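In each ligand, atom 1 is the first atom listed, and ligand 1 is the first ligand listed. All values reported here derive from a predicted model rather than from experimental measurement. We number each residue from 1, following the sequence as shown.
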Amino acid sequence: MDEKEILSYIDEVNLLLKRAYVPYSKFPVAALLIDNNGKKHKGVNVENASFGLTLCAERNAITTAVTQGMKKIRLLIVTGNTLEPISPCGACRQVIREFSDKDTVIILANRDGKYKIASIEELLPYSFGAEDL
Ligand code: THU
């Protein structure tokens, strides 16, 4: 994947930030993923007056993708209104891990197009997975 392609995905996911439902935190997050079939899926964070029911953007994108037949994440891009590239929460890292393999590329970005590329192993080292059961 070249720089131009990365930046165009980041532009696309940044456009999605306006759909985030964030009346409480005012902290929009958006995620875009490409699955093992090359299909694109999107998610935003959706908050609730009962705060604990808040859904993170990454997990929304992943559950939507699974509903549409995704087996593995090929590429996941997450963005937020942060100074530095956003850092996914621990719960999302574990869920990303469930649908990642060694080829999964994760791009953490921000509203200004600043980004960093990471693997799931870097985001969640020594993690728990199906093979541990
Ligand atoms: N949030 C996400 O959507 N993803 C993350 O990885 C970090 C946190 C959301 C949850 C909540 O709506 C807001 O950001 C502030 O925590």
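Of the listed residues (Val29, Thr54, Val22), the one carrying the non-hydrogen atom nearest atom 10 (C) of ligand 1 is Thr54.
Using a 4.5 Å cut-off on side-chain heavy atoms (C-beta onward), Leu133 and Phe128 make contact. Here the side chains of Ile10 and Tyr115 are in contact, with some heavy-atom distance below 4.5 Å. Considering only heavy atoms from C-beta on, Lys116 stays 4.5 Å or farther from Ser87 through its side chain. Looking at His41 and Asp35, their side chains come closer than 4.5 Å, going by heavy atoms from C-beta outward.
Residue Glu58 approaches ligand 1 through these ligand atoms, each under 4.0 Å from one of its heavy atoms: 2 (C), 3 (O), 4 (N), 5 (C), 6 (O). The ligand atoms of ligand 1 that sit less than 4.0 angstrom from a heavy atom of Glu47 are 11 (C), 12 (O), 13 (C). Per-residue contacts place Phe27 under 4.0 angstrom from the following atoms of ligand 1 (heavy atoms of the residue considered): 13 (C), 14 (O), 15 (C). Residue contact check: Ala57 has heavy atoms under 4.0 Å from atoms 2 (C), 3 (O) of ligand 1.
Checked for salt-bridge contact, Glu98 and Lys71 miss the test: no charged N lies under 4.0 Å from a carboxylate O.
Looking at atom 9 (C) of ligand 1, its nearest protein heavy atom turns out to be Asn45 ND2, 3.4 Å.
Between Phe27 and Asn45, the shortest heavy-atom distance links the atoms O-ND2, 2.9 Å.
Some N or O of Cys89 is nearer than 3.5 Å to an N or O of ligand 1, by distance alone.
With a 4.0 Å heavy-atom cut-off, ligand 1 is reached by the backbone of Cys56 and by its side chain too.
The side chain to side chain contact (heavy atoms under 4.5 Å, CB included) test with Ile120 singles out one residue from Ile73, Ile96, Thr104, and that residue is Ile96.
Distance remark: protein heavy atom not present below 4.0 angstrom from atom 16 (O) of ligand 1.
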